[in-house]
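Note that the structure is a prediction, hence the values are computed from the model and not measured. Numbers restart at 1 for each chain; the letters A, B, ... are given by sequence-line order, proteins then strands.
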Amino acid sequence: MNELDRLPIPLLEWYRDNARALPWRPAPGSRTLGDPYRVWVSEIMLQQTRVAAVLDYYQRFMAALPTVEALAAVEEDRLMKLWQGLGYYNRARNLRKAAQQITGECGGRFPDTYEGLLALAGVGEYTAGAIASIAFGAPVPAVDGNVLRVVSRITGDEGDIARPETKKRMGSALQAVMPRQDPGDFNQAMMELGAMVCLPNGAPRCEACPAGGFCRARREERTGQLPVKTAQKARRTERRTVYLIFHGDTVALRRRPGRGLLAGLWEYPNQAGGGLEPLTQWGIVPRSVEPVGVGKHVFSHIEWHMGALAVEAAEVSLPEDWVWADQAGLRSTYAVPSAFQSFAKTVEQRLQGE
DNA sequence: AACACGGGGTT
DNA sequence: AACCCAGTGTT
C-alpha cells in the first residue's frame, strides 16, 4: 500500500481547521454542496490564476451575470470588459459558449456528471472533476498543478508532471483513496494544501503539513527535487512602437483580430519596429509627434518592449474597426488588456488636459 | 506531444 | 530571472 492511503483522514481534518473562506466555497466540513454555477465560474477563473487575483473579478462577474441565462445572453464586448486584465480571454468566451450549451442542448439543466461537464466548452478533465465533486458530490479526482505537486512529494513519484501519463497515474491513485462521503472537500483540501503548505520552488512548510508524518519526499529530503517537470520554453522578445493618437478629447483604439493573442480586445495602434510610416499607412495625418515613454509587458511566451509616441491627429477619419474613445469609453466600454496599462496615465492626462 | 494562450505573485 | 499558478484547445 502506498502513502496516499494514510492521507484522507488527516487531510480532511486539517482542511476543516485551515480552509480559507471563499465566496464560491461551501463551508468546509458542512457536507453541503456548492452551487453549480458559482463553482463553475470560479473554476474557470481559477485556471492558471491565483485565488487572490480572482476574488474581485469573481464578485463583479457574479453581480453582473448572476445566472446561466444571463451569461448565455451577454454581449461579447461586455463579457470581455468584465474579464479585462484577468488574462486567457478564451476562458470567458468558452464560458458564454458553455452557458449557451446549457440553456440550449441541455434543456436548461446544468450537467451533473463528469462526462456531461466535460462536454462543455472550456471544461477539461480537471474542471469537470472539480465541479462534479464540489457541486454534485461525485467521487472523481480534480488533478491540478497543486495536486500533482502534493502527490509527487507524498509518494516520491519522479514522473514528469507535464506528461498526461503521469497525470493519469496520479488521478487513478487519488480515485482509489477518495472518501465517498465528501469528495469535494477532499479535492479542495488537496489544492488548499498545495497552495498554502506544500509550496513550489523547494520551500514547503512541512512542519505544518498533515501528511508530514508519512510524506516520502520529506522523509528522504527530496522536496527540492520534486515534482519533476520539464522546463518551459524560453520567451521571444518583440520591440514595438505604440501610437497614442489623440484628437480632441479622444484617443484612437483598434480592435485586435478575432483569433490569437488578446483576440478581440482593444488596443492602442502599435506595430513591430516603429517609425512614422505606419501613420501614413493608416491614413493618419500627424499635427505633432512626440515620444512619451516606454513600457514592457511579459506574456508567458512573448516579451513586448514598447516605445510610445503621442500623436496629434489632424485628420478625423480612421481605418475600419478603429474608434475614437473618450475617457468614459476607456473606463466602461472598451476592454484594453494589461499590456497597455503602462500608458494609461499618459493617455488620461492628455484627455484631461487637452 | 508540443504549443498558444495573460497576468501577476514569490523566491 | 525563474517558476508557476484550482488548465484547455488546437495543431
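- Contact detail for A:R240 and A:N270: the closest heavy-atom pair is NE-OD1, 2.8 Å.
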*Kindly determine whether A:M190 and A:V151 satisfy side chain to side chain contact (heavy atoms under 4.5 Å, CB included), including the steps that lead there.*
CA-CA 9 Å; A:M190 287 293 288; A:V151 173; 3.8 Å; yes
Show me, pair by pair, the donor-acceptor contacts under 3.5 angstrom made by side chains of residues 124-133 of chain A, not counting sequence neighbours?
unit_1	atom_1	unit_2	atom_2	d
A:Y126	OH	A:E43	OE1	2.6
A:T127	OG1	A:Q47	NE2	3.0
A:S133	OG	A:G129	O	2.8
A:S133	OG	A:A130	O	3.1
A:S133	OG	A:N187	ND2	2.9

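- Using a 4.5 Å heavy-atom cutoff, the side chains of A:P26 and A:L33 are not in contact.
- Heavy-atom distances to DNA chain C give each of A:K296 and A:L118 a nearest nucleotide, and the one nearer the 5′ end belongs to A:K296.
- Within 4.0 Å (heavy atoms only), A:V54 reaches no atom of the nucleic acid at all.
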Give every pair of a protein N or O atom and an N or O atom of nucleotides 4-7 of chain B that lie under 3.5 Å apart, one pair per line with the distance.
unit_1	atom_1	unit_2	atom_2	d
B:dC5	OP1	A:L261	N	3.0
B:dC5	OP2	A:H301	NE2	3.0
B:dG6	OP1	A:Y88	N	3.3
B:dG6	OP1	A:Y89	N	3.0
B:dG6	OP2	A:L262	N	2.5
B:dG6	O4'	A:Y88	N	3.1
B:dG6	N7	A:Y88	OH	3.3
B:dG6	N7	A:S300	OG	3.1
B:dG6	O6	A:Y88	OH	2.8
B:dG6	N1	A:Q48	O	3.0
B:dG6	N2	A:Q48	O	3.1
B:dG6	N2	A:T49	OG1	2.9
B:dG7	OP1	A:Y89	OH	2.6
B:dG7	OP1	A:S338	N	3.0
B:dG7	OP2	A:H297	NE2	3.1

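- In this structure, A:I154 and A:A211 approach most closely via the heavy-atom pair CD1-CB, 3.8 Å.
- Heavy atoms of A:L22 sit under 4.0 angstrom from at least one base atom.
- Distance noted for atom P between B:dC5 and C:dA6: 23 Å (whole Å).
- Looking at heavy-atom distances under 4.0 Å, A:S42 makes no contact with the nucleic acid at all.
- Protein chain A contacts DNA chain C from C:dC3 to C:dT11, reading 5' to 3' and using non-hydrogen atoms of the protein with a distance under 4.0 Å.
- Contact annotation for A:A121: backbone-only contact, meaning every heavy-atom pair under 4.0 Å involves sugar-phosphate atoms and none involves a base.
- Note on A:R149: only backbone sugar-phosphate atoms sit closer than 4.0 angstrom, heavy atoms only; bases stay farther off.
- Two residues are said to be in side-chain contact when any heavy atoms from C-beta on lie closer than 4.5 Å; A:P23 and A:L55 meet this criterion.
- Ring geometry for A:W266 against A:Y334 counts as perpendicular: the plane angle is over 60°, on a 0 to 90° scale with 30° as the lower cut.
- For the P atoms, the distance from B:dG8 to C:dT8 is 22 Å, rounded to whole Å.
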*asked:* One pair to check against side chain to side chain contact (heavy atoms under 4.5 Å, CB included): A:W40 and A:L117. What are the steps and the verdict?
replied: CA-CA 10 Å; A:W40 172 43; A:L117 291 160; over 6 Å; no
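- Counting only N and O atoms by type, the side chains of A:R149 and A:N146 include a donor and acceptor under 3.5 Å apart.
- If you measure from atom NZ of A:K167 to atom P of B:dA2, you get 12 Å, rounded to the nearest angstrom.
- Residue A:Q188 is out of contact with every strand shown, counting any heavy-atom pair closer than 4.0 Å.
- Residue contacts for A:R20: at a heavy-atom cut-off of 4.0 Å it reaches a base atom on one of the strands shown.
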